[in-house]
> 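Okay, here's the structure, questions in a sec.
In this chain, numbering begins with 1 at the start of the sequence shown.
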Amino acid sequence: RHYVETIHRSGRTLLRIINDILDLSKIQAGQMVLELLRFDLDEIIHDIIAMFEERVKNKGLAIHCQIPDGMSIHLLGDPHRLSQILYNLMGNAIKFTEEGSISVSVEVVEEREVDVMFRFRVTDTGIGITPEYQRHMFQAFSQEDPSISRKFGGTGLGLVITRNLVGMMDGNLGVESAPGCGSTFWFTARFGKQQAGDRREIAAWQATQRPPTPDNVHFDGRVLLVEDNQVNQEVAIATLELFGCQVTVADNGQRAITLIRESDLPFDAILMDCEMPILDGFEATRRLRQWESETGRPRIPIIALTAHVLEQSRQQCKEAGMDDYLRKPFSQADLGAILYRWLPKVKDDTLVQEQTVASAPGLGKNPLHLVPPLTSMPNDQASESTSPAVPVLDQVALGRIMELSRKGGTSLLGKMVGHYVARTPELLTELEQALEQNNSEGVRIAAHTLKSSSLTMGVARLAELGRAMETDHANLTLVRQHFQQIASVFDEAKQALSALQSVQQEGESFHE
């Protein structure tokens with residue numbers, strides 16, 4: 001437990017340093033921007049205090065907060081950056097205070113009809129700051145002397161970033177301190193005031209927000225799934241049907257175009273895999289958009305399905321004419337969020353959401369280039385290592401399959417294992433032939449398919465090998481080194497999947 005807590009604490013410290021460096025880079029490049037969101041000032045301050053309560057308690061310090069009654073607290077501005085400013089100042093106050101107290105106070109400097117200027121103060125009884133250091137303390141990487149950094153940690157970036165953020169909020173930052181007498185850091189910031197009725201609208205919207213899952217929302221729509229991989233097909237079909245969708249499958253782009261042109265009833269949405277044989281998703285989308293334009297047909301929403309999440313991949317989808325983006329492997333909530341944007345809803349409690357979402361800021365149908373990746377760790381940026389540190393099976397992905405199987409009442413796991421075990425040797429043969437022919441593009445295509453199906457199936461170690469070969473496809477010498485590990489890793493995966501099936505079958509027998 002001690003070692004894990006140390007790792008966790010060190011990780012948080014490194015993450016703060018990385019975030020500070022990224023923020024400083026944005027500031028220097030002139031790319032730092034503020035959001036305009038509704039928020040409550042008292043919630044921001046109390047959340048910050050709650051974050052530090054444990055540290056304050058462990059150091060034996062007291063903490064005080066002063067927010068005058070009757071002060072405007074329903075504001076418009078960037079609550080995340082305000083939190084960052086207070087976090088930096090509170091963190092420094094606690095870091096440099098060994099005994100005594102920390103206090104946070106807010107007062108109104110100026111109030112007008114549409115906005116209000118506040119002065120925030122963070123006061124401590126810590127070591128204080130010399131007048132000499134105060135003159136340059138807002139410069140990057142600045143510490144009073146090297147021993148400060150060694151003893152207390154930090155990079156000296158926090159105050160630089162804070163000063164810039166305060167300036168963007170039409171305010172100023174200052175300090176009042178003397179050695180041994182503690183410090184008071186103060187800053188002013190201007191925020192908009194929410195108008196009458198805003199609170200009711202946002203409260204109604206927040207009360208109805210839940211992750212879209214088959215338990216709380218159903219959709220009314222015909223969906224065309226364009227996907228050549230049978231493992232991915234099984235998961236997508238099962239998830240779509242749980243949401244109430246009618247699903248038609250095409251295994252390549254050419255077949256999709258034929259189905260759309262010949263169908264008596266229009267499709268309400270298309271889930272389009274990007275990399276397929278015969279005709280890929282990009283070219284299929286371009287041809288469909290051209291056909292819609294020439295025939296005057298309404299535009300069908302096309303959602304890209306891909307294991308890539310880099311910005312250039314999203315841009316490529318947008319340029320081809322796709323409307324939205326879903327990373328594989330996806331969860332029920334991921335797919336539900338996409339369907340929520342593009343399909344009609346039929347369940348009663350969802351209709352309430354439809355009526356209130358329109359008034360909520362930043363919601364509704366988003367163009368593809370504004371849709372962020374739905375998970376935080378891109379496959380393209382995964383570890384370069386294919387060592388045994390990567391698990392044989394990914395329990396998160398398998399958990400999704402098992403949940404689908406339970407809800408859908410199907411033997412989904414068995415079917416997927418069957419497809420995967422049958423198809424993977426074919427992919428390995430294609431990889432081997434491409435290597436023999438020195439065909440780097442053939443390597444890339446087969447490796448991408450192996451990565452995609454393995455990610456969906458939860459075969460993490462084989463997915464990582466597929467990713468490595470796809471990334472290094474131009475370096476065939478390196479690909480051959482990866483390929484040498486394939487046979488043993490696949491055998492290991494088959495044994496693990498077989499054992500998982502046995503456990504599931506025993507569980508089903510027990511419940512029967």
Side-chain angles (χ1 to χ4, degrees), residues 227-235 273-277 280 305-310 312-313 327-329 375 377-398 401 413-502:
E227 168 67 72
D228 67 308
N229 189 295
Q230 287 185 305
V231 172
N232 295 342
Q233 282 181 12
E234 293 288 354
V235 171
D273 185 30
C274 292
E275 299 197 32
M276 295 176 290
D280 66 28
L305 288 176
T306 177
H308 292 299
V309 294
L310 294 180
Q312 55 263 41
S313 301
R327 174 188 178 270
K328 296 185 293 186
T375 51
M377 182 61 178
N379 294 316
D380 307 71
Q381 297 174 1
S383 169
E384 291 300 319
S385 169
T386 55
S387 71
V390 179
V392 179
L393 299 182
D394 175 7
Q395 298 303 316
V396 174
L398 288 169
I401 298 169
L413 179 64
K415 288 197 291 185
M416 289 183 63
V417 170
H419 290 316
Y420 182 78
V421 171
R423 174 59 176 145
T424 300
E426 298 173 1
L427 288 172
L428 302 188
T429 299
E430 292 172 18
L431 269 169
E432 188 172 25
Q433 291 174 347
L435 285 170
E436 290 173 354
Q437 297 165 6
N438 292 323
N439 179 0
S440 61
E441 180 61 14
V443 166
R444 188 193 67 79
I445 293 171
H448 175 83
T449 305
L450 176 66
K451 177 188 77 172
S452 178
S453 60
S454 298
L455 282 170
T456 301
M457 194 65 243
V459 183
R461 200 169 295 171
L462 201 56
E464 172 64 10
L465 276 171
R467 184 208 62 79
M469 290 187 290
E470 181 187 18
T471 301
D472 301 327
H473 70 276
N475 186 342
L476 295 182
T477 300
L478 191 53
V479 171
R480 289 186 177 94
Q481 294 176 10
H482 296 316
F483 188 77
Q484 290 175 0
Q485 306 175 52
I486 286 275
S488 60
V489 172
F490 181 47
D491 286 341
E492 195 176 37
K494 285 191 293 184
Q495 294 174 16
L497 290 171
S498 177
L500 183 68
Q501 282 184 282
S502 299

> Can you name the nearest heavy-atom pair linking Gly442 to Ala434, along with the distance?
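Shortest heavy-atom contact: C-CB, 3.8 Å.
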
> To the nearest 0.5 Å, tell me how far Arg480 CZ sits from Asn475 CG.
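Atom-to-atom, Arg480:CZ and Asn475:CG are 9.5 Å apart.
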
> As an exercise, state the distance from CG of Asp228 to CD of Gln233, rounded to the nearest 0.5 Å.
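If we round to the nearest 0.5 Å, Asp228:CG and Gln233:CD are 7.5 Å apart.
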
> Could you check Met416 against Thr456 for side chain to side chain contact (heavy atoms under 4.5 Å, CB included), going step by step and ending with a plain yes or no?
CA-CA 9 Å; Met416 289 183 63; Thr456 301; 4.1 Å; yes

> Do Asn232 and Asp273 have side-chain heavy atoms sitting under 4.5 Å apart?
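No, every pair of side-chain atoms sits at 4.5 Å or beyond.
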
> Quick one: does any side-chain atom of Thr471 pair with a main-chain N or O of Arg467 as donor and acceptor, under 3.5 Å?
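Yes.
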
> Can you give me the closest heavy-atom contact between Asn229 and Glu227, atom names plus distance?
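The pair with the smallest heavy-atom distance is N-OE2, 2.9 Å.
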
> Flag the pair Arg423 / Gln230 as yes when at least one side-chain heavy-atom distance between them is below 4.5 Å, and no otherwise.
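Side chain of Arg423 against side chain of Gln230, heavy atoms only: no contact under 4.5 Å found.
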
> Rounded to the nearest 0.5 Å, what's the gap from CG on Leu428 to CD1 on Ile486? Could you check?
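Going from the CG atom of Leu428 to the CD1 atom of Ile486 covers 5.5 Å.
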
> As an exercise, state the distance from NE2 of His419 to CE of Met457, rounded to the nearest 0.5 Å.
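Here the interatomic distance stands at 10.5 Å.
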
> The test is side chain to side chain contact (heavy atoms under 4.5 Å, CB included); show your working for Ile445 and Glu430 and say whether it passes.
CA-CA 9 Å; Ile445 293 171; Glu430 292 172 18; over 6 Å; no

> Do the side chains of Asp280 and Glu275 get nearer than 4.5 Å, heavy atoms only?
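Sidechains of Asp280 and Glu275: no contact.
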
> Considering all heavy atoms of both residues, which atom of Phe483 and which atom of Glu432 are nearest to each other, and what is their separation?
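So the minimum-distance heavy-atom pair works out to CZ-CB, 3.8 Å.
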
> Taking all heavy atoms of Ala474 and all of Ser440, pick out the closest pair and write down the distance.
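Where Ala474 meets Ser440 most closely, the heavy atoms are CA-CB, 4.3 Å.
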
> Once rounded to the nearest 0.5 Å, what's the spacing between atom OG1 of Thr477 and atom NE2 of His482?
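So the OG1 of Thr477 and the NE2 of His482 are separated by 11.0 Å.
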
> Go through the steps to decide whether Leu455 and Lys328 satisfy the test side chain to side chain contact (heavy atoms under 4.5 Å, CB included), and finish with yes or no.
CA-CA 8 Å; Leu455 282 170; Lys328 296 185 293 186; over 6 Å; no

> Can you give me the closest heavy-atom contact between Met469 and Leu450, atom names plus distance?
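Heavy atoms of Met469 and Leu450 come nearest at CE-CD2, 4.1 Å.
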
> If I compare all heavy atoms of Phe490 with all of Val421, which pair ends up nearest, and what's the gap?
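Here Phe490 and Val421 meet closest at CZ-O, 4.1 Å.
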
> Do Lys494 and Val417 pass the side chain to side chain contact (heavy atoms under 4.5 Å, CB included) test, and can you show the C-alpha distance, the side-chain angles, and the key distance before you say yes or no?
CA-CA 9 Å; Lys494 285 191 293 184; Val417 170; over 6 Å; no

> Check whether any side-chain heavy atom of Thr424 lies under 4.5 Å from a side-chain heavy atom of Leu462, and answer yes or no.
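Yes, close enough: below the 4.5 Å cut-off.
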
> Counting only N and O atoms by type, is there a donor-acceptor contact under 3.5 Å from the side chain of Ser453 to the main-chain atoms of Thr449?
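Yes, the answer is positive, given that a donor and an acceptor are paired below the 3.5 Å cut-off.
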
